[in-house]
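Quick notes on the structure that follows.
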Amino acid sequence: MRIALFATCIVDAMYPATAKATVRILERLGHEVVFPSGQACCGQMHVNSGYLKEAVPVVANHVAAFDTADYDVAVAPSGSCVASVKHQHPMVARSCGDAALEARATAVGAKTYELSELLVDVLGVTDAGAQLGSYFPHRVTYHPSCHGMRLLRLGDRQSRLLRTVQGIDLADLPEADQCCGFGGTFSMKNADVSSAMLQDKAANIESTGAELCTGGDASCLMHIGGGLSRQGSSTTTLHLAEILASTMEEPASVTGEVLVSTGKARR
Amino acid sequence: MTTFLGMPALPAFGSGNLFAGESFPKAAHRELGNAQLRANLGHATHTIRDKRQAVVSELPDWEQLRDAGSAIKESVMARLPELLEEFEANFTARGGVIHWARDAREANEIVAGLVRETGETEVVKVKSMATQEIGLNEYLEEQGIEAFETDLAELIVQLDHDKPSHILVPAIHKNRTEIRDIFLREMPGADPALTDDPPVLAMAAREHLRRKFLTAKVAVSGANFALADSGTLAVVESEGNGRMCLTLPETLITVMGIEKLLPTWQDLEVFMQLLPRSSTGERMNPYTSLWTGVTEGDGPQNVHLVLLDNGRSAALADEMGRSALHCIRCSACMNVCPVYERTGGHAYGSTYPGPIGAILSPLLTGIQAEENNSLPYASSLCGACYDACPVKINIPDILVHLRSVDVDSKRGTKKVPSQMDLGMKAASWALSSGRNLGLVEKGLPLGRLAAGRDKKIKKLPGIAGGWTQSRDIPAPPAQSFRDWWAKEHRDAGGSPGTPDGGPSSTPSPETKEAQQ
Ligand code: SF4
């Protein structure tokens, strides 16, 4: 299968290791990965902050990058960016009265998948250890981000994949379904409430005794990791894709080129 | 007395207790500092949340019920004028009197006038959101009429001269010790030996209220539903105090928002399953009172209904926002809301707190009223409210819609654009092409420099300072994924892909090793 990678702006700029891991997983399964280079961002920051007009060129760019490319399906290592592509893009196009853009956006949305969704529903991965060689001998807890959980209804796809990683010690996160408090510009506009939510999430993560917290959304992980780091915690965050891509021969670098939030060497 | 509501040329916005007097972030900052409040709220919301979850998950057809509830409400909104007229005809035919009120002031004047006609100076009240919305108690007091709340929690709030902080559990922000102290301080004849044992507190309130029920000649209520096909009104409550008010006095005055209509008696079936499970986590509602006009020799003989617009027509005119009028005030959305759970209801200013308040208040008043434009931002858009809402109001989508109404309402009016405006404009440029973003990413090594030796960025200026208030930012990578990919594929001799053009191809097998 020819799979187009939508890296998402935050992963592209801040967490390239997550995108590289995504490429590795897909190639390991024997698929061809392409990177439509016109891509930039899904535009949800603009939409969610009320700047619909400013979102239009961002959405139009994404649609242009992905409806000309020759590929079977598109994938992004982010639940909220995929939810934006699927649900917000047609709405943004409608808001500016561009019916043609709306139709193209809907078509692009229909073939865009979140990583775990693609792996489980399309590529038939049921056992990450057996099919991907995933090996990650660490105590990990998992935060299911809101948009993956409620907008994409990912259900237990991500946690099922994690559970089948060899060597992993997966600890249940108390109150896992509670929002971490990120919410895009909410974290700045309502910094106090966001911080209060983050504190509780961090405390729950710490209570599991996990070395790191994983999830499917780099933005939530950046927020959670940034909070843990500020509190002086040794617990870090790592994207799900990097755990799945980790093997016995090539273990995930949790301290590698992309610094996980604390930037500290973990053992 | 019948006045035709008419179709106003401009949206007539609501008045009364619908306004945030200070911006949400400011109010939230203050409320977050109250540790007792947070502890009470955290405990209370989690208890109700779990109870709701348990009784909702035991119904196999819960999702169908939600669909039905949503569809019925949608059809009501689509033909509201016609249903209102049908209701008016039936209610009037059975001896009730309808009054139409455009806004809070009109509604208050109508109620005060009706009480004055009876010659009474005291009324008992059934817990009602509509009368709180219009500030009826305060208005009546100005007119020399005393209103006694009879719902236990509402009574506590009233005795404490406080404001409700939750639509179903108005005193959710108080614990039992605080309640005992309020009773001792404010309740005439309270036993000085009163303990904070809940049954003891309930008995004290009961004695206090019993005296009022037996002497009151006039009651004021709200209504949960109105059935157009029969002219019936319904009040749904748990304590039975409402039932006392609805049956004992001679005169009953009900104030109800025009959106509470249901087309037929049969539709009630759906809502009587949705409401109790969503609000109190009960399978069946304890006291459901229904009345249709006047029944000779039984119950109130003067039955009035004030139909309140107060901005509802304006909300109805907002195509994306109108489904906020589907709300049946169950409070499920606030009980699951991570923001409400931490700030409490007072931070929202209006009678309607939590997620529904964050959309309903600005819809009823217009986005530019006081600080109501700060309300749609009081959400991380986690979507828990939408999942919990029994009538499937897509609150997150409406929040986002109202944010854009807010941003658009300010376009061109500001001499100096805000930091947020500038940031969004710059980001729109950077994020609307791969080439532009690639250029910005060339600056990533600078961020590395800013991060310093511990590789964390700890303080940013301006609005971004909200981020570094409680979080570090990791040092950016030396190279973006985009650059890495281009380099890999160039080195591999593959087509690098034009900056804004089509896809670049996958690496040749040999370079796959190199990428790790
Ligand atoms: S918006 Fe929905 S969940 Fe919230 S109070 Fe209204 S009906 Fe209940």
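Below, read A as the first sequence line, B as the second, and so on, with proteins coming before strands; counting in each chain starts at 1.
- Ranked by non-hydrogen atom pairs under 4.5 Å with chain B, the options A:Asp177, A:Val193, A:Val59 are led by A:Val193.
- Contacts of A:Glu54 with chain B are made by both backbone and side-chain atoms, with heavy-atom separations under 4.5 Å.
- Taking a 6.0 Å sphere around NE2 of B:His43, one finds it holds 12 or fewer heavy atoms contributed by other residues, nucleotides or ligands.
- With A:Tyr71 as the aromatic partner, A:Lys111 meets the cation-pi criteria of under 6.0 angstrom to the ring centre and within 45 degrees of the ring axis.
- Contacts between B:Glu441 and chain A at a heavy-atom distance below 4.5 Å involve the side chain alone, from C-beta outward.
- Closest heavy-atom contact between A:Cys213 and A:Thr235: N-CG2, 4.4 Å.
- Salt-bridge formation is detected for the pair B:Arg30/B:Glu22: a Lys NZ or Arg NE/NH1/NH2 atom is positioned less than 4.0 Å from an Asp or Glu carboxylate oxygen.
- Of the two parts of B:His401, neither the backbone nor the side chain holds a non-hydrogen atom closer than 4.5 Å to a non-hydrogen atom of chain A.
- Ranked by non-hydrogen atom pairs under 4.5 Å with chain B, the options A:Leu5, A:Asn48, A:Asp200, A:Val11 are led by A:Asn48.
- By number of non-hydrogen pairs under 4.5 angstrom with chain B, the leading residue of A:Ala245, A:Ser145, A:Ala196 is A:Ala196.
- Put simply, of A:Gly184, A:Gly50, A:Gly183, the one with the most heavy-atom pairs under 4.5 Å next to chain B is A:Gly50.
- The backbone N or O of A:Ser80 sits nowhere less than 3.5 Å from a side-chain atom of A:Ser84 that would complete a donor-acceptor pair.
- Of all the listed residues (B:Ser480, B:Cys382, B:Ser404), the one sharing the greatest number of non-hydrogen pairs under 4.5 Å with chain A is B:Cys382.
- Using modelled atom types, no side-chain atom of A:Ser233 and backbone atom of A:Ser229 make a donor-acceptor pair closer than 3.5 Å.
- Contact tally against chain B (heavy-atom pairs below 4.5 Å) for A:His223, A:Met45, A:His147, A:Gln178: the top residue is A:His223.
- Residues A:Ser49 and A:Thr185 bring a donor and an acceptor atom of their side chains to less than 3.5 Å of each other.
- If you measure heavy-atom distances from B:Asp406 to chain A, you find no contacts under 4.5 Å at all.
- For B:His29, the NE2 atom counts as loosely surrounded, since its 6.0 Å shell holds 12 or fewer non-hydrogen atoms of other residues, nucleotides or ligands.
- Using a distance-only test at 3.5 Å, with no hydrogens or angles considered, no donor-acceptor pair links the side chain of A:Arg2 to the main chain of A:Val33.
- Side-chain polar atoms of A:Asn61 and B:Ser432 form no donor-acceptor pair below 3.5 angstrom.
- The number of heavy-atom neighbours closer than 6.0 Å to CD of B:Gln368, taken from other residues, nucleotides and ligands shown, is 12 or below.
- Within the 4.5 angstrom heavy-atom criterion, no atom of A:Ser95 approaches chain B.
- If you measure heavy-atom distances from B:Leu431 to chain A, the contacts under 4.5 Å come from both the backbone and the side chain.
- In this structure, chain B has no heavy atom under 4.5 Å from any part of A:Leu151.
- Looking at A:Met149, neither its backbone nor its side chain comes within 4.5 Å of chain B, counting heavy atoms on both sides.
- Dense packing is recorded around NZ of B:Lys410, with more than 12 heavy atoms of other residues, nucleotides or ligands lying under 6.0 Å away.
- Residue A:Gln88: no heavy atom, backbone or side chain, is found under 4.5 Å from chain B.
- Between A:Phe66 and A:Phe6, a ring centre-to-centre spacing shorter than 6.0 Å is recorded.
- Only the side chain of B:Glu341 comes within contact range of chain A, with at least one heavy atom under 4.5 Å from a heavy atom of that chain.
- Of the atoms belonging to B:Ser23, not a single heavy atom falls under 4.5 Å from chain A.
- Proximity to chain A (any heavy atom under 4.5 Å) is shown, for B:Asp421, by both the backbone and the side chain.
- Neither the backbone nor the side chain of A:His62 has a heavy atom closer than 4.5 Å to any heavy atom of chain B.
- Contacts of B:Leu444 with chain A are made by side-chain atoms alone, with heavy-atom separations under 4.5 Å and no backbone atom involved.
- Chosen from A:Ala60, A:Ala13, A:Gly181, the residue pairing most often with chain B at heavy-atom distances under 4.5 Å is A:Ala13.
- At a 4.5 Å heavy-atom cutoff, the contact between A:His46 and chain B is made by backbone and side-chain atoms alike.
- Looking at A:Ala7, the atoms closer than 4.5 Å to chain B (heavy atoms on both sides) all sit in the side chain, from C-beta outward.
- A donor and an acceptor atom, one from each side chain of B:Arg471 and A:Ser194, are located under 3.5 Å apart.
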